[in-house]
Amino acid sequence: MDPSQVEFIAEKDTVSILPNFTEDKLYLISGDVGPFQPQVPVVVPLWLAVNLRQRQKCRIVTPDWLDVDKLKEKKAEELESNLFTTPLHPHYMEISNIILGNSRDVTNADEVRTLVKDIWDIRAAKLRKSVNDMIHHDAGSGQLLAHVQISNITTLEINTMRKFFTASLDHLHNLRNHAEICLRKYT
Amino acid sequence: LSSSLEYCPSNFISSGINAEYGDDDQCEQLTAAEVLQRLEESWINERVSPYLQESQQELVDCLLEQCESVESNFSRASSFAVGIHQLEIQRIKYMSTDYLRTRLHKIEKHAEYALEEQKDQDGEEGVLKLSPAEFVYAREHFRNLQLHLKETALKHMPSPFNNLDKKKSITAPNLNSFIFFKVKEDTNNVLIDPRGDPVDLSRDEIHISKFLPIATLLNERKINLV
C-alpha cells in the first residue's frame, strides 16, 4: 500500500474544531456533521477539518494525546518496555503530521514534532529488532516461523516494511523448502 | 437534505433513509455509512492480498448511486454544503476507482487462472470472484494476449512449439505469500501454521502469516488485512 493511501485512511478519523461561521447540520454519506456555530466545538472528520482550516473557517482543537507532557510520558514508557506499547492513536503519525502541518494552533509545535518523531524512531527500532529475531528464530527443528503475533503496531509502521519483509519471508521459505527437498532427494 | 437510497439487485426505488445492500437470497439493511466502511475494508483487503477477493461490485454500485442522488440535490443546497459534499464524493470516488483498478491489475496479471477458477465454480453456491463485467474483461484480455503472442511469435515457430500449452502458461498467483492481518472477532482453533498447533485468535491482535490458511477467515469477515 502507498503511504499516501494510509494517510487517506487516517483522514477519516474525527477531530474537534471551533468553527467561526454558522451552518446547519450536514448529512454526509459517512455520517452527520454539525450544526456549526461560532466557537462551539464540533466533531468532524479530519479531511473536513483540514479543508475548513485552509479556508480560514475554523481552528482545529489539538487532540489530547498531542500534548508535550503526554508525549514525554509515552516516550519514557516506550523506552522502558521491550514490546510495543499501545500507540497514542492507531494513526498517530499521520494525524500529527497533518495537524502540525496545517494548523498554527498547536502549542510548542516544534517540541511536539520532535517528541512524536522520537516515539516513531523508538518503535521503528523495536520493529527492526523483532524482524531480526523472527528470522533467526529456530522453532526447534530448523524451520522458519510461519506465524507470528505482534500487537500494538500501527498501519503506517507495518507499511514501511511490508513490501520488503513479506518478499524476503517468501524467498526465505522458498529457499528453505527447496533445501529440504534437495536433502531428501540426495541423501 | 438527507442522502437516501434503497437498492436491491432485482429492483431499485429511490426512497427511504437506508441503503439496502442485497445479496441474492438475503437483503441486508445497511446504512450508507456502513456500506462505505465495508467498501473501505474491502479496498484495503484487495490492495494487500496476493490474489483477487470476492467481488464487492454491489457496494461500489450502491455508493455511486448514493453519490448521484446527493449530486442531484445540489441545486437546493447552499454553496458551502455543496463544496463539502463534493469533497466527500471525490473521496468516495477515489476509493471506488482505486478498488476497481487494483482488481483489474490482478485480473490482467492472472487472467487465465481467474477464468479457470470461475469455470470450476460454475453451478456451485457462493459469491463469484469476478463480476460479470470483470469476467468479460478477463476473457477478452486473455484472448487478445493469446492472439498477440500467436501473431508475433508462435506463428513463425516450427510445429511442435506452435501452441501455448495451457498448463504451462498459466501464471498462478502466489497464495502462500505473507500478509499481516488484524482479528475482528474472537475465533478458536484456527490452524494457521500447518506444521504447528491450532491457535486461538482474540480481537484486535495483529498477526503475520501465509495467506492461504486464513483465506476462508477473510471471506467470512472475521479478520481484516492490515
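Lettering of chains follows the sequences in order, A, B, ..., and the numbering in each one begins at 1. What you are looking at is a predicted structure, and each value in this text was computed from that prediction instead of being measured.
A 4.5 Å side-chain heavy-atom check between B/Ile179 and A/Thr166 finds every atom pair outside the cut-off. Side-chain contact between B/Phe180 and A/Thr155 is absent, with no heavy atoms from C-beta onward closer than 4.5 Å. Side chains of B/His207 and A/Val148 form no contact here, defined as non-hydrogen atoms less than 4.5 Å apart. Residues A/Ser30 and B/Arg91 are not in side-chain contact: their nearest non-hydrogen atoms beyond the backbone lie 4.5 Å or more apart. For the pair B/Val199 and A/Gln149, the minimum side-chain heavy-atom distance is 4.5 Å or more.
Heavy atoms of A/Lys12 lying under 4.5 Å from chain B belong to its backbone as well as its side chain. Contacts between B/Asn176 and chain A at a heavy-atom distance below 4.5 Å involve the backbone alone (N, CA, C, O). Contacts of B/Leu36 with chain A are made by side-chain atoms alone, with heavy-atom separations under 4.5 Å and no backbone atom involved. The contact between B/Val226 and chain A is made by backbone and side chain atoms together, counting heavy-atom distances below 4.5 Å. Of the two parts of B/Ile92, only the side chain, counted from C-beta on, holds a non-hydrogen atom closer than 4.5 Å to a non-hydrogen atom of chain A. Only the side chain of B/Gln37 comes within contact range of chain A, with at least one heavy atom under 4.5 Å from a heavy atom of that chain. For B/Thr102, no part lies near chain A; criterion is any non-hydrogen pair under 4.5 Å. The parts of A/Asp170 that come within reach of chain B are both its backbone and its side chain, each placing non-hydrogen atoms under 4.5 angstrom from that chain. A/Phe165 touches chain B through its side chain: at least one heavy atom from C-beta onward sits under 4.5 Å away, while N, CA, C and O do not.
Across every non-hydrogen atom of A/Asp2 and B/Arg47, the tightest pair is N-NH1, 4.3 Å. Of all the heavy atoms in B/Tyr94 and A/Gln5, the pair that sits closest is OH-NE2, 3.1 Å. Of all heavy-atom pairs between B/Glu205 and A/Ser151, the closest is CA-OG, 4.0 Å.
How far OG of B/Ser177 is from CG of A/Leu169: 10.5 Å, rounded to the nearest 0.5 Å. Separation of atoms CD (B/Glu40) and CD1 (A/Ile9) is listed at 5.5 Å; rounding is to 0.5 Å. In this structure, A/Ile150 CD1 and B/Ile208 CD1 are separated by 5.5 Å, a value rounded to the nearest 0.5 Å. With values rounded to the nearest 0.5 angstrom, B/Lys182 atom NZ is found 11.5 Å from A/Ile153 atom CD1. In this structure, the separation between CD1 on B/Ile84 and CH2 on A/Trp47 is 7.0 Å, given to the nearest 0.5 Å.
Residue A/Arg53 places its CZ atom among more than 12 non-hydrogen atoms of other residues, nucleotides or ligands, all under 6.0 Å distant.
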Apply side chain to side chain contact (heavy atoms under 4.5 Å, CB included) to residues A/Arg55 and B/Phe80 and explain how you reach the verdict. CA-CA 11 Å; A/Arg55 293 200 274 168; B/Phe80 173 77; 4.0 Å; yes
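Ring-plane geometry between A/His173 and B/Phe178 is classed as tilted, the angle between the planes lying from 30 to 60 degrees on a 0 to 90 degree scale.
With B/Glu88 contributing its side chain and A/Ile29 its backbone, the two residues share a donor-acceptor pair below 3.5 Å.
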